[in-house]
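Please read the structure below before turning to the comments.
As a basis for the values below, the full set of heavy atoms in this structure was taken, side chains included, without hydrogen atoms, waters or symmetry mates. Note that the structure is predicted; figures quoted are calculated from it, not measured.
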Number of protein chains: 2
Amino acid sequence: MTSQNTKEDNINKLKKAGLKVTRSRCKILEIFQSSPDEHYTADKLKDMLADSGETIGLATIYRVLTQLEMADLIQKNNFDDNQSAYEIKKSHHDHLICTKCGNIIEFVNSDLENLQERISKEYNFSLESHVMTLFGNCNNENCKHLKNK
Amino acid sequence: MTSQNTKEDNINKLKKAGLKVTRSRCKILEIFQSSPDEHYTADKLKDMLADSGETIGLATIYRVLTQLEMADLIQKNNFDDNQSAYEIKKSHHDHLICTKCGNIIEFVNSDLENLQERISKEYNFSLESHVMTLFGNCNNENCKHLKNK
DNA sequence: TTCCTTGCAAACGTTTTGCATCGGT
DNA sequence: ACCGATGCAAAACGTTTGCAAGGAA
């Protein structure tokens, strides 16, 4: 296994960002890596940490999330809710969100990336980043549980 | 003038939505119509209303915004801030946002609309709506005022 | 030992709600 | 006259911050 996500790697990533290697930061990073497509709110993280026996204060979680975001290890999303959803940083990608069950699907589309560049040029705009989110119904069988949070 | 935005029209729109035609709702609608490309926070609306001699409580503004949104007369945007920005509902369009000065530019692009449909189909997804926001620098001369709010 | 990190509680800013009053219809 | 709409104040909510105690280097 030449996994990119060993504990060693995380230690290096944190050090590189000038952050001390603490239990909280490692545990949080590991959760993100355990399900790379999942989106986590601060609250959800707190619950998951609690479930695995780690009691970490919400304040710390918010602080860590901010730091990991600045270190470019995770990405913050402001979807339609009042809560921010974080996910591990990957190459450019966007989201489909089911308005019935809240399910989030990620996708990558290079045509989209190109189109964004074209549009930016049209407005003499220097593109830094983007967000694109499609809302609709996922048409899955198990789209019955309303808003899994 | 065969304007679509007479007071008569607004009265009809409100009635159609099952809302009483009150001073607050009319004034707020008029502000949105006076600058169709502008984006307003609840706070900003309160200030503008105050400037024109209308003192309307923030609670009412939020209630009206929610109702106008449900009536499909305005649209709510959750950009990167903590505040929601509302604008009058137009045909599909998206945003370029300057990360330096906060300036918001609207654009419409039919290629984008088509591409969204293609992507949705790919995931067996029934598209209802979308959000696309490009962040970058607007390269305007007057891009010096940091974050005009 | 140093300074960063954490927990707790309190503060914060935005949005929502309860309730009495007001105003369309 | 009825019932929805409003104002005010208080509550709720997610997030941030101050401070004292704890932990990595």
Side-chain angles (χ1 to χ4, degrees), chain A residues 7-8 10-29 39-50 53-71 73-86 102 147 149, chain B residues 7-8 10-29 39-50 53-71 73-86 102 147 149:
Chain A
K7 303 208 174 189
E8 278 304 312
N10 284 346
I11 291 175
N12 290 330
K13 285 175 188 166
L14 289 173
K15 281 186 177 164
K16 204 164 159 186
L19 298 169
K20 281 190 181 166
V21 180
T22 65
R23 186 170 187 81
S24 312
R25 303 214 250 246
C26 290
K27 289 299 171 189
I28 291 175
L29 251 186
H39 296 72
Y40 302 94
T41 60
D43 236 46
K44 198 168 171 182
L45 280 171
K46 183 165 172 57
D47 288 348
M48 294 188 62
L49 288 162
E54 308 281 336
T55 49
I56 299 182
L58 248 192
T60 298
I61 293 178
Y62 276 109
R63 279 187 281 232
V64 170
L65 287 173
T66 304
Q67 291 156 341
L68 295 184
E69 192 199 5
M70 292 201 306
L73 297 175
I74 62 174
Q75 177 186 318
K76 182 181 183 179
N77 298 288
N78 295 306
F79 296 130
D80 252 4
D81 315 75
N82 309 322
Q83 285 184 140
S84 298
Y86 293 82
K147 290 280 170 194
K149 23 166 31 189
Chain B
K7 301 206 175 190
E8 278 304 312
N10 285 344
I11 291 175
N12 290 331
K13 285 175 188 166
L14 289 173
K15 281 186 177 161
K16 202 164 160 187
L19 298 170
K20 284 190 182 167
V21 181
T22 65
R23 186 168 188 80
S24 311
R25 303 214 249 246
C26 290
K27 290 299 171 190
I28 290 175
L29 251 186
H39 296 72
Y40 302 94
T41 60
D43 235 46
K44 198 168 172 181
L45 280 171
K46 182 162 173 59
D47 288 347
M48 296 189 62
L49 288 162
E54 307 281 337
T55 49
I56 300 182
L58 248 191
T60 299
I61 293 177
Y62 276 109
R63 279 186 281 231
V64 170
L65 287 174
T66 304
Q67 291 156 340
L68 295 184
E69 193 200 3
M70 292 200 307
L73 297 175
I74 62 173
Q75 177 186 318
K76 181 180 183 179
N77 298 288
N78 296 306
F79 297 129
D80 252 3
D81 317 74
N82 310 321
Q83 285 184 137
S84 298
Y86 294 81
K147 289 280 169 193
K149 28 166 23 190

Out of C:dT6, D:dT17, D:dA25, whichever nucleotide has its closest atom nearest the side chain of A:S24:
C:dT6
Base, sugar-phosphate alone, or nothing: which one does A:T41 contact when heavy atoms must sit under 4.0 Å apart?
nothing
Euclidean distance, atom CG of residue B:D43 to atom P of C:dT15 [Å, nearest integer]:
8 Å
When the distance from OH of A:Y40 to P of D:dT15 is rounded to whole Å, what number comes out?
17 Å
What is the distance, rounded to the nearest whole Å, between atom CD1 of B:I56 and atom C1' of C:dT15?
17 Å
Sub-4.5 Å side-chain heavy-atom contact between A:L14 and A:L29
yes
How do B:N82 and B:K20 order along DNA chain C: which one's closest nucleotide is nearer the 5' end?
B:N82
Write down the distance between NZ (B:K15) and P (D:dA5), rounded to a whole number of angstrom.
14 Å
Please tell me if A:Y62 has a side-chain N or O lying less than 4.0 Å from either OP1 or OP2 of D:dT16.
no
Just to confirm, is there a sub-4.0 Å distance from OP1 or OP2 of D:dA5 to any side-chain nitrogen or oxygen of B:T60?
no
Ignoring backbone atoms, test whether B:R25 places a side-chain nitrogen or oxygen under 4.0 Å from the OP1 or OP2 oxygen of D:dT6.
yes
Are OP1 or OP2 of D:dT15 and a side-chain N or O of A:S84 less than 4.0 angstrom apart?
yes
Under the side-chain contact (heavy atoms from CB on, under 4.5 Å) test against A:L73, which residue among A:I28, A:N10, A:L68 passes?
A:L68
Most 5' of A:L19 and A:R63 on DNA chain D, judged by nearest nucleotide
A:R63
Is a side-chain donor or acceptor of B:K46 paired with a backbone partner of B:G57 at a separation under 3.5 angstrom?
no
Without swapping roles, check the side chain of B:R25 against the backbone of B:V64 for a donor-acceptor pair under 3.5 Å.
no
Whole-Å gap separating P (C:dC12) and CD (B:Q83)
17 Å
Contacts of A:L58 and B:T22 projected onto DNA chain C by closest heavy atom; the upstream (5') one is A:L58
Can you check the A:R23 CZ to C:dC4 C1' distance for me, whole Å?
18 Å
For atom CZ of B:F79 and atom P of C:dT14, their distance in whole Å:
17 Å
Please state how far atom CG in B:N78 lies from atom C1' in C:dT14, giving the value in whole angstrom units.
12 Å
Are the side chains of A:K76 and A:N78 in contact, using a 4.5 Å heavy-atom criterion?
yes
